[in-house]
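Input: a single structure, listed below in structure tokens.
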Amino acid sequence: MEWVRQSKSIWDLEGRFLAPLVDLSSPEEYYRNVSPIYKCHNVNKPVVVINSRDDFMAPFENFNLPEFTKNPHLTLWSTAAGGHVSFVDKLFPVTSYLDRAVPECAQLLRDFLEEEGSTD
């Protein structure tokens, strides 16, 4: 575990731990393999991406990249807060932004489809 203490950043830790864990040689290679931004061109069905602007692991500016913006099948639904993964609002009792975000997003989609005259 000394290598954990020797790591100077998350990037360094990922190079020492995550990349080798999945048989990759560097943090660059790891992120190239796991980051969805490099897979956007493969999306060919409608997808709503939910992301918070304060997510430190998935920077909001990535959603302005051509890999994301040029795919007509991708729609971004963003929140001001939510952090990474859990969108935890309160710990006791546990509540989540995501618990509210998904139904809101679904309602927006239903409203849009009704306005467009399509329910398929």
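The backbone N or O of Tyr38 lies less than 3.5 Å from no partner atom in the side chain of Ser35, so there is not a single donor-acceptor pair. Side chain of Asn33 to backbone of Glu29: a donor-acceptor contact under 3.5 angstrom is found. In this structure, the side chain of Asn71 does not engage the main chain of His41 through any donor-acceptor pair within 3.5 Å.
The heavy-atom pair separating Pro20 from Gly15 by the smallest distance is CD-O, 3.3 Å. Nearest heavy-atom pair across Ala19 and Pro27 is CB-N, 4.3 Å. Looking at every heavy atom in both residues, Ser7 comes nearest to Arg16 through OG-CD, 3.1 Å.
Rounded to the nearest 0.5 Å, atoms CZ (Phe68) and CG (Asn62) are 10.0 Å apart. Of the inter-residue distances, the one linking Ser52 atom OG with Asp54 atom CG reads 4.0 Å to the nearest 0.5 angstrom. Between Leu13 atom CG and Leu18 atom CG the span is 6.5 Å, to the nearest 0.5 Å. Annotation: the span from His73 atom NE2 to Cys40 atom SG amounts to 12.0 Å, rounded to 0.5 Å. The NZ atom of Lys39 sits 12.0 Å away from the CD atom of Glu67 when rounded to the nearest 0.5 Å. For the atom pair CG of Leu74 and CZ of Phe63, the computed distance is 9.5 Å after rounding to the nearest 0.5 Å.
Aromatic rings of Tyr31 and Trp11 (six-membered ring for Trp) have centroids within the 6.0 Å cut-off, being under it.
Follow the hydrophobic side-chain contacts under 4.5 Å out from Leu24 and you reach Phe17 in the same cluster. Linking Ile, Leu, Val, Met, Phe, Trp and Tyr whenever their side-chain heavy atoms come within less than 4.5 Å leaves Trp77 and Phe60 in two separate clusters.
Atom CZ of Arg32 has 12 or fewer neighbouring heavy atoms from other residues, nucleotides or ligands inside a 6.0 Å radius. Within 6.0 Å of CG on Leu65 lie more than 12 heavy atoms contributed by other residues, nucleotides or ligands.
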**Steps toward side-chain hydrogen bond (donor to acceptor under 3.5 Å, both in side chains) verdict (Gln107, Asp111)** = CA-CA 6 Å; Gln107 186 60 52; Asp111 293 347; 2.7 Å; yes
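In this structure, the side chains of Thr75 and Val47 stay at 4.5 Å or more apart for every pair of heavy atoms.
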